[in-house]
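Only one structure is covered here, and it is reproduced in the block below.
The first residue of the sequence shown is numbered 1, and numbering continues consecutively from there. Scope of the values below: all heavy atoms of this structure, side chains included, with no hydrogens, waters or symmetry mates.
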Amino acid sequence: MRAVFRIFLSMSFTGACLILILFLVKRFLKDKISRQWQYYIWLIVILRLLCPFGLEINIMEEVYQTVIQSDSLLQQNIYDVSEDTDVVVSSEKNGQRTESSEYKRSLWNVISLFMDYIWLIWLAVAAGFMIRKVTIYQSFIRYINAGLVPVSDIEILDRLAVISRQIGIKKPVELCINPLIASPLLIGFFHPYIVLPSENIVEKDFKYIVFHELMHYKRRDIFYKWLVQITVCLHWFNPFVHLMGREIIKSCEFSCDEAVVARIGRENAQDYGKTLLDAMASVGKYKESLGAVTLSENKVLLKERLGAIMSFRKKSKATIFLTGTLTLLIIFGASFIGVYPEVSAYSGQEGKRGDYISDNNVKILYSAQAEKYYNAGSLPLFQIVFSKLDEEMQQMWLNKIYEDGKIAFFSVSISQLKTDGALIKLLAEKTYADRSISFFSVLTNRMSKESLELWLDRAIEDMRWNFQSILFEKLDKDDELDTLEEQLEMQQMEEYKSHGVVFNGKECYYKNQLVNIFMDARSNGSFYTLNINPKGAVNIKIIRNGANEITGVDYMTETEAKEILEDMDADDEPEIIPVNIKTLDGGDVVYLGEYMLSYGDRIWYDVLAETGNGLQVGFAKVEDKFLNTVYYSTQNLRQNGNALKCTADITFSSPVKPGKYKLFIRATEDTLKNVKGSISISYANV
């Protein structure tokens, strides 16, 4: 965790540099660049503050090298005490030197201990700030809801619907009244609603007020505002981040005003400004707006906003070019500044001399760090260290990861290798020989088009259908795959026919007799084709040699037929998971249990929601608490006049890896009611 905190500190420092740069840009170009650009450009800074990205060569890398060398000399000075126990120091000067060295050593140990646990202080304060903000927001929402009265006037609601369509908002937004609020506002993440201080608003003012709040909703300003709050809480110790937070809240209203005026036309800017003045005069008591977006903030800000509204002009091509160039420069600057490369350059043993590690031994340190992050399951830090390893160490780690079956670590490691590099070729041969389609699929991300073509030719020659599917997809040759499959099927039918087996649609005939069980198995015993027709009279099997060439046809014994039918009976008894959920709020998830899934398992979805607009059914890894990655997900949005239903018939196969998965149902849009149906799993016999 200390390593993570060091990276986080470097992100905070580099973010502060970007904040200073943007404030300087705004000071000199404030009236020459778009207010919306001044608002959204802060997203790059937030990304810099939250994500540890950077170029391979960056400023923080150089700072890091300077710091570790200085730190090494400091430690060497602290621990440079005579270790010759045969020499007795009797002089006063030497005695003072020994006492001073012992004091320095103790001080260094205290500092090191403090640095080991300072991240706890940072995390505790950040959590405290976040809890406080969430608590204030919840209190604010309770206050608003307590005095909330939904608007039922059809005429007013129709006007709201018309404005929503003009802006391009399809999802319904509710309209309510609360006389205690200071000004109109928009609240709600997944169930948004506009709150007005009064229902008695003239039509022109109503239009501009609603236009303003709906523009906030269309731009997802509430989510942006909370992203800023999270960033401020995590970087609570950085005063520049707090300045950025206040600037973003201020810019939010300016950019929204600019977006509104651009829509309604500059000729209506004066009327829109008058609406802002009237909003400031409205009676209200509760002005806390954390987590909400309002029409007005304060008188000082209002004066500046009115000036910006009246001076609004469409930006020239030169201004657009300038802002585009500035954006690219800021993105490059954020990457070039970089982050702290957390790979320790010390022995890491407290209380012992921490000599600077030479180039000959540095790979041992990197490997130790890789072992630490691998065992801790830290993908980002392992990825950073893996990029520092030499090719020999990288090969060793990739072999270990492959043997452990940890495809996530395999994926982040492969992303650090060169396209068509030696390790890519070596591992491709290994995974192909092992028939490990999931790991081979990851490797294709680091193959050139030429390499993919060569592997496709090889997979076709070896009749590796699953590998062919992956390679055709990577090469965007889905049409060719369909054509090839049709040709292969026709060739197969001709080959069967040459041995007396004729197919007529799904019916199979052998020597003019309808076949009950038809089985064509490879030489290794895995099923190639299996058809069952209860109306058939004979059971046959295709005989193949070691090269998988057909050598003949034979009748199956009663025992063989009985075993196949028993296996099919077992497969015909799926596990049925009933679904009966009365209410599922927007964004909420219901888990229906954990299930072991293997290749060949069949899954059926048949889930229906009586009301609501968005439904999702799928599987996720058990350890994935936030559903960042889902598998075999089926998602549907309600269409006009149609039922909201998720239906699917899925066979579990590569590249998804067998294991334990949790089944979930999620309301992706608004509240769902009376969610019913079933999910069935038919487990394959392995």
Side-chain angles (χ1 to χ4, degrees), residues 1-11 51-69 71-72 335-349 354-432 434 436 438-448 451:
M1 197 64 190
R2 179 179 178 180
V4 175
F5 184 61
R6 285 179 176 176
I7 294 176
F8 193 84
L9 283 176
S10 73
M11 289 159 54
C51 301
F53 65 90
L55 299 174
E56 185 173 353
I57 299 176
N58 56 69
I59 294 176
M60 286 304 297
E61 176 82 25
E62 300 301 321
V63 173
Y64 163 73
Q65 295 295 339
T66 303
V67 169
I68 62 173
Q69 292 184 43
D71 197 17
S72 175
S335 301
F336 182 67
I337 294 175
V339 294
Y340 179 85
E342 178 49 41
V343 181
S344 176
Y346 304 101
S347 61
Q349 297 179 4
D355 295 331
Y356 183 70
I357 302 300
S358 65
D359 291 339
N360 294 330
N361 296 325
V362 72
K363 68 177 185 179
I364 300 175
L365 273 175
Y366 286 147
S367 183
Q369 290 285 355
E371 183 79 33
K372 174 182 176 182
Y373 299 140
Y374 183 73
N375 293 334
S378 177
L379 282 170
L381 293 179
F382 181 85
Q383 183 179 13
I384 293 171
V385 178
F386 184 86
S387 65
K388 304 293 183 181
L389 301 175
D390 59 26
E391 187 171 331
E392 181 183 354
M393 296 297 294
Q394 286 180 338
Q395 182 178 350
M396 184 275 291
W397 270 105
L398 285 168
N399 287 332
K400 175 179 174 58
I401 294 168
Y402 177 65
E403 294 299 326
D404 293 345
K406 296 188 176 182
I407 197 165
F409 278 92
F410 192 79
S411 180
V412 298
S413 302
I414 291 301
S415 67
Q416 303 300 306
L417 302 182
K418 294 181 179 179
T419 300
D420 287 342
L423 284 180
I424 296 294
K425 295 178 180 178
L426 182 67
L427 289 164
E429 290 289 347
K430 181 177 179 61
T431 54
Y432 186 81
D434 294 344
S436 179
S438 55
F439 283 89
F440 183 86
S441 176
V442 172
L443 291 167
T444 59
N445 295 322
R446 283 298 181 187
M447 293 183 186
S448 65
S451 295

Contact summary for Gln416 and Ser387, nearest pair of heavy atoms
OE1-CB, 3.3 Å
Test your reading of the model: is there a side-chain donor-acceptor pair from Arg446 to the backbone of Leu417, 3.5 Å cut-off?
yes
Decide whether a cation-pi geometry holds between Lys400 and Tyr374; the criteria are a distance under 6.0 Å from NZ or CZ to the six-membered ring centre and an angle within 45° of the ring axis.
no
Does the side chain of Asn399 come under 3.5 Å of the side chain of Glu403 through a donor N or O and an acceptor N or O?
no
Determine the minimum heavy-atom distance between Leu426 and Gln395, stating which atoms define it.
CD2-NE2, 3.2 Å
Describe, in one word, how the ring planes of Tyr402 and Phe439 are oriented to each other, choosing from parallel (under 30°), tilted (30 to 60°) and perpendicular (over 60°).
perpendicular
Straight-line distance of Ile401 CD1 to Met396 CE, nearest 0.5 Å
9.5 Å
Of all heavy-atom pairs between Ser415 and Gln383, which one has the smallest distance, and what is that distance?
OG-NE2, 3.3 Å
Min side-chain heavy-atom separation Leu427-Leu398 under 4.5 Å
yes
State the CG-CG distance between Asp420 and Leu443, to the nearest 0.5 angstrom.
11.0 Å
Do Ile424 and Ile414 come close enough that some side-chain heavy atom pair is under 4.5 Å?
yes
Rounding to 0.5 Å, atoms CG (Leu389) and OG (Ser413) come to a distance of 9.0 Å
Search all heavy atoms of Val442 against all heavy atoms of Ser411 and return the closest pair with its distance.
CG1-CA, 3.7 Å
Minimum heavy-atom distance between Asp390 and Met393, given as atom pair plus value:
OD1-N, 2.8 Å
Taking all non-hydrogen atoms of both residues, which atom of Met447 and which atom of Ala428 are closest, and how far apart?
CE-CB, 3.7 Å
Heavy-atom distance under 4.5 Å between the side chains of Phe440 and Lys430, does that happen here?
no
Using 30° and 60° as the class limits, which term best fits the ring planes of Phe382 and Phe409: parallel, tilted or perpendicular?
perpendicular
